[in-house]
Chemist: 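Below you will find the structure I want to go over with you.
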Amino acid sequence: MSSATDEPKKLTKKDLSADHPTWCPGCGDFAVLAAFFKVLEKLQIPHEKICTIAGIGCSSRFPYFVNSHGVHFIHGRALPLASGVSLSRPDLHVFAFGGDGDGYSIGGNHLDHAARKNINLTYVVMDNFVYGLTKKQTSPTSPEGFKSKTDPTGAIDRPINPMKKLVYGGASFVGRTHAAQVKHMMEMFERAIKHPGFSVVEVQSECVVFYPGIFDNANPRKGGEFELIEEKKWDNTEEDKARHDVTDENSAYELASLQYPGKFGVFYEADRPTKNQLEQQWIDASREKVGEKSSAEILADRFASMK
Amino acid sequence: MSVSATSDSSETSEGPFGSAEGITELQNAVIRFAGNSQDGIQTIGAFLAKLAGRSAREVMTYMTIPSTISGGPSIFQVHLGSGEVLSAGDESDFLVSFYQHSYDNHIASLKDGGICIYDSDHVEEIKKDERGIVHVGIPITSTTVEAIGGSARDRGKNIFVLGLITQLFQLKKEKLVSLIEKQLGRKGEDVLRNAMLAFDSGFAYPVGDIIGQQFDLKEGIEKSGDQVTTDGNTAMTLGLIAGGVRYGAGYPITPWSTIMEQLRSELPKYGGLFVQAEDELGAVSMAIGFAYSGHVAITGSSGPGLSLKMEALGYATMAEIPLVVINVQRGGPSTGLPTSVEQSDLMQAIYGSHGDAPRIVIAPKNVEDCYYTAIEACELAKEYSCPVIVLTDQALASRIEAFSEPDLSKMVDPKLDLGSRGEEFKPYPLDGLTRHAPPGAPMAEGKYPVVTGLEHDEWGHPSGNPEMHQRMMDRRRNKLKTLAGALTLPEISGDESGDVLLVGWGSTWGPIRESVSRVQSRDISVGAIHLRHLNPLPNGFEKIFANYKHVVVVELNDEGLYGSGQLATLLRSRYCDPKISSICKTDGLTYKVREIVEKIEAIVTSS
Ligand SMILES: Cc1ncc(C[n+]2csc(CCOP(=O)(O)OP(=O)(O)O)c2C)c(N)n1
Ligand code: SF4
Ligand SMILES: [Mg+2]
């Protein structure tokens, strides 16, 4: 144990690594994990204050591979559980991880509500356009025509647009990145973590087994183009007019409407009070009203009103 | 009820009040107010119940609430007495009818020789003299309008009637007035002034002269300590707080909502928080998040919502998360009878999940017990680290009773334990109780735990080992067997051996107890036990059962395909005893004492 005089021990990737990931070799999620470690090393969050939470899926096994307090919960419900942790434990850094099925299908409604409530936590979606763990069924982001075990002649349902969903839902930080772009991923993670409120990073993370090559068109090494969002610098220049205002919801929708593979970077970032803050204000006001009273005295007052 | 000390006059040929003029002393009185919910008849009942608590009288209330928001026919029945009051009363001694439909639908609930007061502005004049009932027409609406001055229309009818009742029963006027001032004073001077005008006008109305007598409702023996008067959901809410709950999440559904509403406003005073989630799946998940974070946490719902929480409850059993779950039962299945009572979620509470997922299930027997059951639920959850489901019901949720103010001197504030977890931290030791390491707690060995729903070993690492699954399954089951061994058998009321043992659970306690006294007076020897712990059951019921010819389980649920209610099915499966039989019903109403008595007599005579 460290005493007050000790230099706090630096948190390293070695401290943070747990079991070797059970993902298939080449799975995009490895790079997501590596980027996450690097950002934690950079930010030096106290080890015991890191809490990683996930639902079910290949990507949702993430907490097992991070040596931190963690929860491997049930399919689709990581966000409400993480909300409980965040709302009752302001001392923690809460992270939720998951896939497109977990987050946009079975957990889709929880996502909207965590977003609108602006719960202070960071959520990383490893979107591979397919159900990986259950071996290739159509996911809510599978493009039309994708041949899966549940759509042998090609997917017929219109996929959802995650970026639109996130902006519409009220997430106060919405970023998009690609698992083959580690530096960009790190930048997105770092900004998301530093953002107070509900921050989401959607990562295009390839499932090399069930949907290989799907993200090549945004990967320069595979002949694609990784096009970045240029954010406004507010420098009064002519070029700046064309740049993206991250606080403008309509511009975020415009970016989200671009032809696939679209652009990467921060779509939206707003400064909005978190539910954590708003609830705390109410708690503080209620505490002020009861003054120095102990719990037993507050309860006794309540009983007195029933006499 | 009545002039004599017994509460049952239905078999005497005379009317309940004799015929003498003047003042009749009453030990008990059941008064039913029948009107529309928007007339505030609940308010009359609530004031009378509160007054009873302040006057050393026992009280129990019963009400029906229309399930539509716009209101509709509704009743509030108050049973006041100086002796033990165990049920809201099968039949009433007094009926106050605000409308024609109230009269038509409720006159049958009035005892022979009872007194029916009706609003002659809305009910046709009643001339017939049926069953010795005394009919008293009073222009309640117009007299109220006159008293208040017309501006508020007929808003104060309920308070007018309260004044009338106060005078008729010689209730303590000053106490009642101070209650009205306290309650309505908050709503503004105008409201209070109008209420007092209505009250005084009712109080001055010569109802006693019209009936030809007045009543003196005896006060009981002063109880030690203060009495509080409240409903079951409020008692449950406060019990949770006393038990250490500071965090919770839920989704609205009748009749659970008033618990979540109260927790939402109360918990911030204690530095805690209750969150309205987007649905029940979110609510239970959030509550598990609170519990994982190191707090005593709750979620709750009514039948359909409990079904939605089931997957997460399976997780809580597997990951050994302490979690209190309140289920306020109502008529089912599906939307069913949302504002009626049933005890049909017992099997769902015990078995409703995927896999074998043992959990604790307990049930309160009356309003006071809601408070203590909630505290016990918190303690059991902490000790045994699993979901603890509390099965209350619609009848308990809304009825009002008076009970002794709880002793709060031993109440302790919950504390987060974020101390460093030592070497060899094993959350799930095969030979001991669960340990927890909430996030924020440093781990001495530098290895941090991931809490999982996958089967795991003692350290919580996922394990598909067949032997480990068996041993962990044993572990989760044996925790509850340990609890079973620590439980004591319920007390027997009535005869300790003989013809019939009645077995009940939950809100049927009062009518069952009253049935025992009634049947005993008919040469049938009968005892009763009431179960608080439903899963696990305490050990040793066979010793009690052996002393009776019949073991009859009284429940508010369906007799099922094989003729047994839900608890009866469990008891038959555990004890393989064919003498265990069932009294069941699902009409959405609480048991009338008569219904139980008749069935017992049928069972005894047919054997
Ligand atoms: C209630 C429930 N329904 C279904 C499943 C089966 N299931 C597990 S993961 C999964 C889909 C995972 O897809 P995704 O979230 O995209 O994660 P990926 O494996 O692609 O990373 C499904 C359907 C489950 N575990 N629980
Ligand atoms: S199945 Fe696909 S998503 Fe799952 S680990 Fe393998 S490559 Fe990754
Ligand atoms: Mg996927």
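Just so we're on the same page: letters track the sequence lines, and every chain starts at 1. Basis for what follows: all heavy atoms, side chains included, without hydrogens, waters or symmetry-related copies.
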Chemist: I want to check something: taking the side chain as every heavy atom from C-beta on, are B:Thr229 and A:Met306 in contact at a cut-off of under 4.5 Å?
Modeler: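 No, too far: nothing below the 4.5 Å cut-off.
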Chemist: Is it true that, when you exclude A:Tyr168 itself, more than 12 heavy atoms of the residues, nucleotides or ligands shown sit nearer than 6.0 Å to its OH?
Modeler: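 Check fails, neighbour count at 12 or below.
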Chemist: Between B:Pro462 and chain A, with a heavy-atom cut-off of 4.5 Å, which part of the residue counts as in contact: side chain, backbone, both or neither?
Modeler: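 The answer is the side chain of B:Pro462.
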Chemist: Taking side chain as everything from C-beta outward and backbone as N, CA, C, O, which of these in A:Val71 sits under 4.5 Å from a heavy atom of chain B? Side chain, backbone, both or neither.
Modeler: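 Contact with chain B is through both the backbone and side chain of A:Val71.
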Chemist: Could you tell me which non-hydrogen atom of A:Phe73 sits nearest to which non-hydrogen atom of B:Ala312, and how far apart they are?
Modeler: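 Reported closest heavy-atom pair: CZ-CB, 4.3 Å.
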Chemist: Given heavy-atom pairs under 4.5 angstrom as the criterion, report whether the side chain, backbone, both or neither of A:Ser86 touches chain B.
Modeler: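 Contact with chain B: none, neither part.
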Chemist: Contact part of B:Ala242 toward chain A, heavy-atom cut-off under 4.5 Å: side chain, backbone, both or neither?
Modeler: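 Contact with chain A: backbone and side chain both.
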Chemist: Hey, do the aromatic rings of A:Tyr64 and B:His461 have their centres closer than 6.0 Å?
Modeler: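 Between A:Tyr64 and B:His461, the centre distance exceeds or equals 6.0 Å.
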Chemist: What orientation do A:Phe303 and B:Phe403 show, parallel under 30°, tilted 30 to 60°, or perpendicular over 60°?
Modeler: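 The rings of A:Phe303 and B:Phe403 stand perpendicular, inter-plane angle above 60°.
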Chemist: Side chain, backbone, both or neither: which part of B:Ala249 has a heavy atom under 4.5 Å from chain A?
Modeler: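 For B:Ala249, neither part sits under 4.5 Å from chain A.
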Chemist: Count the heavy-atom pairs under 4.5 Å between each of A:Val85, A:Leu299, A:Ile283 and chain B, then report the option with the highest count.
Modeler: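 Counting heavy-atom pairs under 4.5 Å, the top option is A:Leu299.
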Chemist: Give a yes or no on this: more than 12 heavy atoms of other residues, nucleotides or ligands lie within 6.0 Å of atom NZ of A:Lys135.
Modeler: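 Counting neighbours around NZ of A:Lys135, 12 or fewer heavy atoms of other residues, nucleotides or ligands fall under 6.0 Å, so no.
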Chemist: Which of residues 14-22 of chain A get closer than 4.5 angstrom to chain B, counting heavy atoms alone?
Modeler: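 So no residue qualifies.
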Chemist: Please rank B:Thr452, B:Leu267, B:Asp413, B:Val275 by heavy-atom pairs under 4.5 Å with chain A and give me the top one.
Modeler: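 Highest number of heavy-atom pairs under 4.5 Å: B:Thr452.
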Chemist: With only heavy atoms counted, which part of A:Arg116 is less than 4.5 Å from chain B, the side chain, the backbone, both or neither?
Modeler: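 Neither part, no heavy atoms under 4.5 Å.
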Chemist: Contact part of A:Lys293 toward chain B, heavy-atom cut-off under 4.5 Å: side chain, backbone, both or neither?
Modeler: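 The answer is neither part of A:Lys293.
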Chemist: Mark yes when over 12 heavy atoms from residues, nucleotides or ligands other than B:Lys182 sit less than 6.0 Å from its NZ; otherwise mark no.
Modeler: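 It does: B:Lys182 NZ has more than 12 such atoms within range.
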Chemist: Between A:His75, A:Arg89, A:Lys289, which shows the greatest number of heavy-atom pairs under 4.5 Å with chain B?
Modeler: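 Among A:His75, A:Arg89, A:Lys289, the one with the most close pairs to chain B is A:Arg89.
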Chemist: Is B:Ser409 in contact with chain A via its backbone, its side chain, both, or neither, using a 4.5 Å heavy-atom distance?
Modeler: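 Neither part.
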Chemist: Is there a donor in the side chain of B:Tyr270 and an acceptor in the side chain of A:Ser286, or the other way round, less than 3.5 Å apart?
Modeler: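 On atom types as modelled, these side chains do not qualify, holding no pair under 3.5 Å.
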Chemist: Does anything in residues 439-452 of chain B pair up under salt bridge (Lys or Arg N to Asp or Glu O under 4.0 Å), and if so which pairs, sequence neighbours excluded?
Modeler: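 Output for this query is empty, none listed.
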Chemist: What are the two closest non-hydrogen atoms of B:Ser285 and A:Arg77, and how far apart are they?
Modeler: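 The answer is OG-CB, 3.4 Å.
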Chemist: With respect to chain B, which residue among A:Glu48, A:His69, A:His110 yields the maximal number of heavy-atom pairs within a distance under 4.5 Å?
Modeler: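 The candidate making the most pairs under 4.5 Å is A:His69.
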Chemist: For B:Arg421, is it the side chain, the backbone, both, or neither that has a heavy atom closer than 4.5 Å to a heavy atom of chain A?
Modeler: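 The answer is neither part of B:Arg421.
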Chemist: Okay, side chain of A:Asp91, backbone of B:Gly440: is any donor-acceptor separation there less than 3.5 Å?
Modeler: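 No, A:Asp91 side chain to B:Gly440 backbone: no donor-acceptor pair under 3.5 Å.
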Chemist: Check whether B:Ala291 gets within reach of chain A through its side chain, its backbone, both or neither, counting any heavy atom under 4.5 Å.
Modeler: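 Contact with chain A is absent: no heavy atom of B:Ala291 under 4.5 Å.
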Chemist: With a 4.5 angstrom heavy-atom cut-off, which part of A:Ala304 approaches chain B: side chain, backbone, both or neither?
Modeler: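 Backbone only.
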Chemist: Just so I understand: if I count every heavy-atom pair under 4.5 Å between each of B:Ala277, B:Gly272, B:Pro406, B:Ala319 and chain A, which residue has the most?
Modeler: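 Going by pairs under 4.5 Å, I would pick B:Pro406.
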Chemist: How close do B:Ser265 and A:Trp282 get, counting heavy atoms only, and between which atoms?
Modeler: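 Taking B:Ser265 first and A:Trp282 second, the nearest heavy atoms are CA-CH2, 4.0 Å.
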Chemist: Which atom pair, heavy atoms only, marks the closest approach of B:Lys269 to A:Ile298?
Modeler: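 Reported closest heavy-atom pair: O-CD1, 3.5 Å.
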Chemist: Under 4.5 Å heavy-atom distance to chain A, tell me which part of B:Leu51 shows up: side chain, backbone, both or neither.
Modeler: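 Answer is neither: B:Leu51 stays 4.5 Å or more from chain A.
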Chemist: Identify whether the distance between the nearest side-chain nitrogen and carboxylate oxygen of B:Glu405 and A:Arg302 falls below 4.0 Å.
Modeler: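 Here B:Glu405 does not pair with A:Arg302 in a salt bridge, since their nearest N and O are not under 4.0 Å apart.
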Chemist: Using a 4.5 angstrom heavy-atom cutoff, name the option from B:Met443, B:Glu266, B:Met318 with the most pairs to chain A.
Modeler: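 Maximum pair count with chain A is reached by B:Glu266.
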Chemist: Checking heavy atoms, do the side chain of B:Lys410, its backbone, both or neither come under 4.5 Å from chain A?
Modeler: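 It is neither, since no heavy atom gets under 4.5 Å.
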Chemist: Would you mind telling me which of A:Ser68, A:Pro46, A:Cys51, A:Ala296 has the largest number of heavy-atom pairs within less than 4.5 Å of chain B?
Modeler: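 Between A:Ser68, A:Pro46, A:Cys51, A:Ala296, the count favours A:Ser68.
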Chemist: Identify the two heavy atoms, one from B:Gly271 and one from A:Arg287, that lie closest to each other, and give their separation to 0.1 Å.
Modeler: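 Shortest heavy-atom separation between B:Gly271 and A:Arg287 comes out as N-CD, 3.6 Å.
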Chemist: For the candidates B:Gly453, B:Gly314, B:Ala441, which exhibits the highest count of non-hydrogen atom pairs separated by less than 4.5 Å from chain A?
Modeler: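 Of the candidates given, the most pairs with chain A belong to B:Ala441.
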Chemist: Top residue by heavy-atom pair count (under 4.5 Å) with chain A, among B:Thr230, B:Leu238, B:Ile288?
Modeler: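 With the most close heavy-atom pairs to chain A, the winner is B:Leu238.
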Chemist: Could you check whether atom NZ of A:Lys307 has more than 12 heavy atoms from other residues, nucleotides or ligands sitting under 6.0 Å from it?
Modeler: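 Yes.
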Chemist: Give the member of A:His47, A:His72, A:Glu297 that has the highest number of heavy-atom pairs under 4.5 Å with chain B.
Modeler: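 Top option by heavy-atom pairs under 4.5 Å: A:His72.
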